[in-house]
There are 2 protein chains.
Amino acid sequence: MATLGELERAVMDLLWEHPEAMTANTLRDLLSSRPSAADQSRDTRPLAVTTVLTVLSRLEKKGLVERERSIRPHRYKAVTSRADHTAELMLEVLGSAPDREAVLARFIGTVSDGEAATLRKLLGGH
Amino acid sequence: MATLGELERAVMDLLWEHPEAMTANTLRDLLSSRPSAADQSRDTRPLAVTTVLTVLSRLEKKGLVERERSIRPHRYKAVTSRADHTAELMLEVLGSAPDREAVLARFIGTVSDGEAATLRKLLGGH
DNA sequence: TTACAGTTCTACGCCACGTAGAACTCACTC
DNA sequence: GAGTGAGTTCTACGTGGCGTAGAACTGTAA
């Protein structure tokens, strides 16, 4: 499926964290104050609206974003929740492994105690 | 870290499945019979050795492959096991999630019964 | 009917990756 | 010790994804 670029990722994060009333312009504003990963001497000029729109279109094409075209400032929203998306990515990575159980073993070895407890609960008894 | 291309992935798979005696040439031969993902009317000509070497160098730079330069046909081997590598990728995906437990919940919901049992065992009782 | 916010189209630069030729090097052979 | 050939390094080209945005178009509100 999809590996996202840095900006695409930032846009998705915003859509996930502020699911309401998202227009390209709002996103632009929010993004302009983003703590960029590589913000060494970062250009602080806000992104152009077209930039955000391009990214949104690409995300739409990838099936991650949906937009309402009926209203005029289009509304953009994420198709899936971040948790779902992340879980899907993890499954995608795992899926191609012929040695799934070995992978799971290593994976499990790294989660925190609290998370392990949660997992135990989720896996149910018996 | 690393998303691998199609050929890079194929090379890593070979190194993982045939850990012994790996030279660029051997890899080239093995790769030439690979069932390529997009093998619609695929070019069947074997890869050039230099192609494989380039890929190996890139994988070395990425830290996924190690080579012995002391012997003449250099020997190439994967630095980590595939299971370790896959688990690392999964952790990388999970790591950036602020809602780890929700992700884990969805993730757990999809593994097979057998794997769930394995996981339960791995998580240890109490 | 005009003016402006919002949208689409097009494009440029960069970098990763698949691909490989050209040139170089090292270990044998005579 | 010069030759030769397998193996290695250097360099590079084409493609495609992504960050970025101008130019041109459109729809709504005044």
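Only this structure's heavy atoms are used, side chains among them; waters, hydrogens and symmetry mates stay out.
Proximity of A:Thr50 to the phosphate of D:dG22: no side-chain N or O atom is located under 4.0 Å from OP1 or OP2. Taking side-chain N and O atoms only, A:His74 has no distance below 4.0 Å to OP1 or OP2 of C:dG6. Neither OP1 nor OP2 of C:dG6 sits under 4.0 Å from any side-chain N or O of A:Tyr76.
Among the atoms of the strands shown, none is found under 4.0 Å from any heavy atom of A:Arg28. As judged by a 4.0 angstrom heavy-atom cut-off over every strand, B:Ser57 is placed among residues making no nucleic acid contact. A:Lys62 comes within 4.0 angstrom of sugar-phosphate atoms only, judged by non-hydrogen atoms across all strands, and of no base.
Side chains of A:Leu27 and A:Val55 form no contact here, defined as non-hydrogen atoms less than 4.5 Å apart. Side-chain contact between B:Leu119 and A:Leu119 is absent, with no heavy-atom pair separated by less than 4.5 Å.
Counting to the nearest Å, the C1' atom of C:dC17 and the CG atom of B:Leu47 are 13 Å from each other. When the P atom of C:dC9 is taken as reference, atom CD of A:Glu60 falls 12 Å away, rounded to whole Å. Rounded to whole Å, atom P of C:dC9 lies 12 Å from atom CG of A:Leu53. Regarding A:Arg75, its CZ atom lies at a distance of 15 Å from the C1' atom of C:dG6, rounded to whole Å. One interatomic measurement links the two molecules: CD1 of B:Ile71 to C1' of C:dA27, which rounds to 14 Å at whole-angstrom precision. As rounded to whole Å, 10 Å separates atom P of D:dT9 from atom CG of B:Leu56. B:Leu27 has its CG atom 11 Å from the P atom of D:dT8, to the nearest Å. If you take CD of A:Glu8 and C1' of D:dG17, they are 8 Å apart, rounded to a whole angstrom.
Of the candidates D:dC18, D:dT20, D:dA12, the closest approach to any side-chain atom of A:Leu7 belongs to D:dT20. Taking the side chain of A:Arg72 as heavy atoms from C-beta on, and the options D:dA21, D:dT8, D:dT28, the nearest nucleotide is D:dT28. For B:Arg69, the listed nucleotide lying nearest its side chain is D:dT9; candidates were D:dT20, D:dC10, D:dT9. Here D:dG7 is the nucleotide among D:dG27, D:dG7, C:dT19 with the atom lying nearest to any side-chain atom of B:Asn25. For A:Val55, counting side-chain heavy atoms from C-beta on, the closest listed nucleotide (D:dA21, C:dT7, D:dG19) is D:dG19. Side chain of A:Glu6, nearest nucleotide from D:dG19, C:dA20, C:dG18: D:dG19. Side-chain atoms of B:Arg58 lie closest to C:dG18 of the nucleotides C:dG18, D:dG19, C:dG6.
Between the side chain of A:Arg120 and the backbone N or O of B:Leu123 there is at least one donor-acceptor pair closer than 3.5 Å.
Of the two residues contacting DNA chain D, namely A:Thr3 and A:Ala48, the nearest-nucleotide position lying further toward the 5' end is that of A:Thr3.
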Checklist entry - Which is it for A:Glu8 and A:Arg58 under the salt bridge (charged side-chain N to carboxylate O under 4.0 Å, His left out) test, yes or no, and what are the steps along the way? => result CA-CA 9 Å; A:Glu8 289 176 328; A:Arg58 287 177 183 162; 5.5 Å; no
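For B:Thr54 against C:dA20, a side-chain-to-base donor-acceptor contact under 3.5 Å is present.
Across all their heavy atoms, A:Gly95 and A:Arg100 have their closest contact at CA-NH1, 4.2 Å.
Note that the CG atom of B:Leu15 and the CG atom of B:Leu64 stand 10.0 Å from one another [nearest 0.5 Å].
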